[in-house]
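We count ligands from 1, going down the list as the structure has it; atoms in each ligand are counted the same way.
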Amino acid sequence: MYIHIPRKPFVIACLVVSLAWAGCRAKAPITRTWLPMGTVATLTFSRTMPPVHVEAHFHAVTSVVHDIERAMSVYIPASDISRLNAAAGEGMVPISTHTRRTLEAGIAYAEGTGGAFDPTVAPLVNLWGFHQRAVPLTPPTPEELHTALRTVGYRHVVISNSAAALRRPGMRIDLGGIAKGYAVDQGFDALVRANIQHFMLDIGGNLRVRGTSRPNKPWTIGIRNPFESGRIIGTLQLPSGMAVATSGNYERFVTIEGRRYAHIIDPRTGMPVQGMAGVTVVCPSATQADALSTALFVLGPTGAREVLAAQPECHALFVPDRHPLQIHITPGMRPLFKPLPAHADQVTTRPAL
Ligand code: AMP
Ligand code: MG
């Protein structure tokens, strides 16, 4: 989750007591926090608003996010995704518009990233002990990986109008890498329709802003230091309408035989990604930022070149999983990212990206 930074001297205090940060300012914005999609979400209005309007707008956002969670959660047996997964290898299953759009977007990003992002990655995610499965005592064997890989592949998903099918038995969809971004975009659109000019919506680190945090002050968030929880490496100023997502190896991981494995899996090899600590992506839509941050985490700065060249509206920041800390940014990230002075020397802009 990001932390909005109202004033620099208060950065650390706000980080430590992130949910109480509003108290760090004389004129606190209006913030509402809730717990959808297995994570923490925050809606912030930067301007005063009658309480009755705050509650009405908050309700509009929570209700659309709730609908999306009910449609796509793998933890809800009656969700579209649970039913689709249960019918793998069988026929078409009716799905809601939210699920169809997210699945279509997921498949488009799978095509655009050479399969680094793949919404059918679930059998591998499960194999490594995520999604509330038992963590294995030893890493999966090559045979187990091979078997699971045969059930992974976005090309085996069929979508037609309001129904979808998984062609191979054992296939499973996991929209965990894109659904929160989609939910942010839907909440964002609901507030735009209600003519709210200045707000920030964050669902588990997938965030989109409109307007400014104060007159002439862009929304500014801290980017977490992947190696030190409670610390940031710098701040990111977000132009109105833009979204940001971060994928990190510190968010969720399993430990097998004393070794840590991150929750993002390379669908092409079946292995949890090694080598990246964090990837932050800024894009015009939260769905795009969410899918790309997951994909670029898999691809790393070099592998990401082609993907970023095809999407010049997106900007990326990479922190490799190496010491000393290095921060690689794309040229478009430069005007948005302000490193802390202690990290200024560690930033490289990579024109070749
Ligand atoms: P994020 O935090 O947005 O990067 O999403 C990570 C989540 O997406 C994981 O917890 C998995 O549920 C799922 N996931 C893992 N690897 C991939 C992948 N390569 N492509 C798509 N989704 C993935
Ligand atoms: Mg993602």
* Dump the intermediate steps for ring pair (Phe, Tyr, Trp, His ring centres under 6.0 Å) on H53 and F45, then the final yes or no. => CA-CA 11 Å; H53 291 180; F45 300 107; over 10 Å; no

* **Option whose closest heavy atom lies nearest to atom 14 (N) of ligand 1, chosen from I265, N249, V121** => V121

* the Mg ion (ligand 2) reached by G177 (N, O or S, under 2.8 Å) -> yes

* Could you tell me whether the Mg ion (ligand 2) has an N, O or S atom of T294 under 2.8 Å away? =>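 Yes, T294 qualifies, because one of its backbone or side-chain N, O or S atoms lies under 2.8 Å.
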
* Closest non-hydrogen protein atom to atom 6 (C) of ligand 1, residue and atom name please, with distance? -> H263 CE1, 3.5 Å

* Asked: Which heavy atom of the protein is the closest neighbour of atom 1 (P) of ligand 1, given with residue, atom name and distance?
  -> T294 OG1, 3.3 Å

* To do: Indicate the ring-plane relationship of Y109 and F117, choosing parallel, tilted or perpendicular according to the 30° and 60° boundaries.
  => perpendicular

* Asked: Relative to each other, are the rings of F199 and F188 parallel, tilted or perpendicular (30° and 60° limits)?
  -> tilted

* Do F318 and T280 come close enough that some side-chain heavy atom pair is under 4.5 Å? ->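 Heavy-atom side-chain distance check fails, nothing below 4.5 Å.
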
* Do the side chains of Y250 and S229 get nearer than 4.5 Å, heavy atoms only? -> no

So for ligand 1, is [X] a polar contact partner (N or O within less than 3.5 Å, distance only)?
| X | answer |
| --- | --- |
| A116 | yes |
| D174 | yes |
| G177 | yes |
| D290 | yes |

* To do: Would you mind listing which atoms of ligand 1 come within a distance below 4.0 Å of any non-hydrogen atom of P267?
  => 19 (N)

* **Within reach of ligand 1, part of A122 (heavy-atom separation under 4.0 Å)** =>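 Neither part.
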
* Side chain, backbone, both or neither: D118 near ligand 1, heavy atoms under 4.0 Å ->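 Near ligand 1, D118 shows its backbone, while the atoms from C-beta on stay back.
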
* With distance as the sole test, does E144 use its side chain to make a donor-acceptor pair with the main-chain N or O of T141 at under 3.5 Å? -> yes

* Would you confirm whether H156, through its side chain, and R167, through its main-chain N or O, come within 3.5 Å as a donor-acceptor pair? =>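 No; zero donor-acceptor contacts below 3.5 Å.
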
* Any chance the rings of Y182 and H98 have centres within less than 6.0 Å? -> yes

* Do NZ/NE/NH1/NH2 and the carboxylate oxygens of R155 and E111 come within less than 4.0 Å? ->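 No, R155 and E111 are not salt-bridged.
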
* Asked: Looking at the Mg ion (ligand 2), which N/O/S atom of D290 is the nearest one?
  -> OD1

* Asked: Taking the non-hydrogen atoms of P119, is any one of them nearer than 4.0 angstrom to ligand 1?
  -> no

